[in-house]
Amino acid sequence: MVETAMVSLPLQAKASVGDALEAYDLQQLNILIVHDNRHMRLLLRTIMLSFGIRDLMEAPDGSDALKMLQNFPADVVMTDWRMEPLDGL
């Protein structure tokens, strides 16, 4: 004969991602997205916009990114490692 028991544990509601994002003011960040695939740049842009980041720049390769960094004070650079003519490292 198999006996079963049921245990009930009180669970606390987990904080949502929205709650966590409210703790940080991401709108002040300057983000440079560097990727040779335009679809990946669009995806990353869309994600950053959903976090409330509004100051975004995009570059298709490392050499263009270096030129942009002369006039755009990026706080964060999101980059692909393998690109031509200059990679993201």
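Computed from heavy atoms alone, side chains included, the values below leave out hydrogens, waters and symmetry copies.
- Within the model, atoms NE2 of H35 and CZ of R41 stand 9.0 Å from one another, a figure rounded to the nearest 0.5 Å.
- Between D80 and M40, every side-chain heavy-atom pair lies at or beyond the 4.5 Å cut-off.
- The shortest distance between side-chain heavy atoms of P73 and N30 falls below 4.5 Å.
- We find the CE-CG distance between M78 and L32 to be 10.5 Å, quoted to the nearest 0.5 Å.
- For the atom pair CZ of F72 and CG of D55, the computed distance is 4.5 Å after rounding to the nearest 0.5 Å.
- Rounded to the nearest 0.5 Å, atoms CD1 (I53) and CE (M48) are 5.0 Å apart.
- Summarising the geometry of G52 relative to Q27, their closest heavy-atom pair is O-CG, 3.0 Å, with the distance given to 0.1 Å.
- Rounding to the nearest 0.5 Å places CD of E58 at 12.0 Å from CG of D64.
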Taking it one step at a time, do V34 and V77 satisfy side-chain contact (heavy atoms from CB on, under 4.5 Å)?
CA-CA 7 Å; V34 187; V77 177; 4.0 Å; yes
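- Under the side-chain contact (heavy atoms from CB on, under 4.5 Å) rule, T46 has a single partner from L42, L49, L44, which is L42.
- Considering CD1 of I31 and CG of L56, their distance stands at 6.5 Å, rounded to 0.5 Å.
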